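Please read all numbers here as calculations on a predicted model, not as lab measurements. In what follows, chains are A, B, ... by sequence order, proteins preceding strands, each numbered from 1.
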2 protein chains.
Amino acid sequence: MRRSQDQRKAETRQRLLQAAGELIAERGVAGASVDALADAADRTSGAIYAHFGDKEGLLVALLDEWKDATGDAVRAEYEATDDEGARFAALWRNFVSPPPNASDAWVLLEHELWLYACRNERARSRVAARYDDARRALAQTLHASDGTSAEEVAALFIALMIGLEMQRRLDPDAITDETALAGLRALAHLRQPAENV
Amino acid sequence: MRRSQDQRKAETRQRLLQAAGELIAERGVAGASVDALADAADRTSGAIYAHFGDKEGLLVALLDEWKDATGDAVRAEYEATDDEGARFAALWRNFVSPPPNASDAWVLLEHELWLYACRNERARSRVAARYDDARRALAQTLHASDGTSAEEVAALFIALMIGLEMQRRLDPDAITDETALAGLRALAHLRQPAENV
DNA sequence: GTCTATAGATTGATAGAC
DNA sequence: GTCTATCAATCTATAGAC
């Protein structure tokens, strides 16, 4: 019996975390009430308090367990070709049109939690670590060919893609794929100073 | 008497809008209650409903009246020099460390309202128009020297600065000014294809 | 137009049964 | 660990006096 109890407990925890991700992406941190979060996971609010203490505890746990399942897929797709254009196109495509499993609103969850982290000390270090991980992972994927710092380029790539996606989400016609790719290409070769301009 | 009544009305409206901007930046859209918004403007909730109908009306009005007072200052500072490095440094500086009048949290207001716009049809077109204005204004300031589309570069500049500021806000050491400037410089000259790589 | 007072719904969190 | 029931606080919005 111990076994099945533990299983149910673990399942509940996972259901709560997944439901939290989805519902918060849809309604926002403040818009997703404890009851609604529990409902979405087919549990009641009591389960949330038993597992995480309070709503903030759930959010912090969500941040801790929140890994990009996408990372590996992106890397594989990236390394499938040697052509720089195709590689950057893969990066961009995976960023703007989220992978099969994730909801279309996953980017909203990123912004939701970033905003939350800006106002909550406990959350900030976790989200900061998440961005640090993202930079490192991307830097490793890019494995900077030349003298440029790979992490520097990774930070710029991430920044550009986030900012472009923000604009595109408001107006899909505002940002073309060509613009995005031209931007990534330019950033990839920022080592050379503005010599022949 | 009509005169002073109108004056008070106009003043109240302005106070409500300004207080809304500040309080929402601090607590978020959902975190700033109607009563709290009214309090911050030294009025009561009744004033908000009389002026804007409901909370959403206040937010929409805030979006409509929301102009960057900074635009002109940035442009003046930009054109004060011919040196590209100094120009981009001025752009970046004005973006990350907001001007005298604005609160340090003004960027949070941007994200707060962007997120709101992603979930609210009435708000989305307004925020989209705001970003379009920003692109146009920046494009005009940059007055693209060469064949590159000025609006394209403007979109990339804005995207990069937003994304870098997000990362820097979580961890000030993650993004150096040098990285930001190198990124802007690279984007400014994206016309040339990757020929001599 | 602005206030006070209040209705009605919803919130985060707790208590106690199982 | 999970549920039901519930409290106190807070929320948006309305009604009516001035």
Side-chain angles (χ1 to χ4, degrees), chain A residues 1-21 23-24 26-63 65 112-113 115-116 119-123, chain B residues 1-20 23-24 26-63 65 112-113 115-116 119-120 122-123:
Chain A
M1 277 302 94
R2 180 111 287 263
R3 181 100 290 251
S4 74
Q5 275 185 29
D6 285 355
Q7 277 183 352
R8 165 143 176 120
K9 178 180 175 182
E11 187 201 335
T12 293
R13 186 187 158 88
Q14 193 187 340
R15 289 175 71 98
L16 288 171
L17 289 173
Q18 188 191 333
L23 201 66
I24 289 172
E26 188 184 324
R27 304 189 195 170
V29 170
S33 71
V34 175
D35 277 337
L37 289 169
D39 278 357
D42 268 314
R43 293 292 185 277
T44 60
S45 63
I48 289 183
Y49 288 100
H51 274 275
F52 307 106
D54 58 7
K55 186 179 179 179
E56 183 182 321
L58 170 59
L59 294 177
V60 170
L62 176 62
L63 291 173
E65 309 233 344
E112 237 359 284
L113 293 179
L115 219 28
Y116 182 75
R119 302 189 178 110
N120 182 302
E121 202 45 49
R122 265 172 86 197
Chain B
M1 276 304 94
R2 182 110 286 264
R3 181 97 290 252
S4 74
Q5 277 185 26
D6 286 355
Q7 277 181 352
R8 164 143 176 120
K9 178 180 174 182
E11 189 201 335
T12 292
R13 184 187 159 86
Q14 194 188 340
R15 290 175 70 99
L16 288 171
L17 289 172
Q18 188 190 334
L23 202 65
I24 288 172
E26 190 184 324
R27 304 188 195 171
V29 170
S33 71
V34 175
D35 277 337
L37 289 168
D39 278 356
D42 268 314
R43 294 292 185 277
T44 58
S45 62
I48 290 183
Y49 288 101
H51 275 275
F52 307 106
D54 58 7
K55 187 179 178 179
E56 183 180 321
L58 169 59
L59 294 177
V60 171
L62 175 62
L63 290 173
E65 309 233 341
E112 210 44 74
L113 293 178
L115 220 27
Y116 182 76
R119 303 188 179 110
N120 183 302
R122 266 172 85 197

Report the distance from atom CD of B/Glu11 to atom C1' of C/dT2, rounded to the nearest whole Å. 13 Å
When rounded to whole Å, the CG to C1' distance for the pair B/Asp39 and D/dT10 reads 13 Å
If the cut-off is 4.0 Å, is B/Ser33 near the phosphate of D/dC11, judged by side-chain N/O to OP1 or OP2? yes
Beyond-backbone contact of A/Arg27 with B/Arg119, side-chain heavy atoms, under 4.5 angstrom: no
Take the protein atom CZ of A/Arg8 and the nucleotide atom C1' of D/dT2, then report the distance between them rounded to whole Å. 7 Å
Quickly work out the B/Tyr49 OH to C/dT4 C1' distance and round it to whole Å. 15 Å
For A/Leu58 and D/dT2, give me the distance from atom CG to atom P, rounded to whole Å. 13 Å
Rounded to whole Å, how long is the line connecting atom CD1 of B/Ile48 with atom P of D/dC11? 12 Å
Would you say that A/Asp42 contacts A/Thr12 through its side chain, given a criterion of any heavy-atom pair below 4.5 Å between the two side chains? no
Tightest non-hydrogen contact, residues A/Ser45 and A/Ala38, listed as N-CB, 3.5 Å
So do the side chains of B/Asn120 and B/Leu59 get within less than 4.5 Å of each other, counting heavy atoms only? no
Rounded to whole angstroms, how far apart are CZ on A/Arg43 and C1' on D/dG1? 10 Å
Whole angstroms only, please: what is the CG-P distance between B/Leu37 and D/dT12? 8 Å
5'-most contact on DNA chain C (nearest-nucleotide basis), A/Asp35 vs B/Lys9, goes to B/Lys9
Across the strands shown, which category fits B/Ala50 at heavy-atom distances under 4.0 angstrom: base, sugar-phosphate, nothing? base
Nearest-nucleotide 5' precedence on DNA chain D, B/Ser45 against A/His51: A/His51
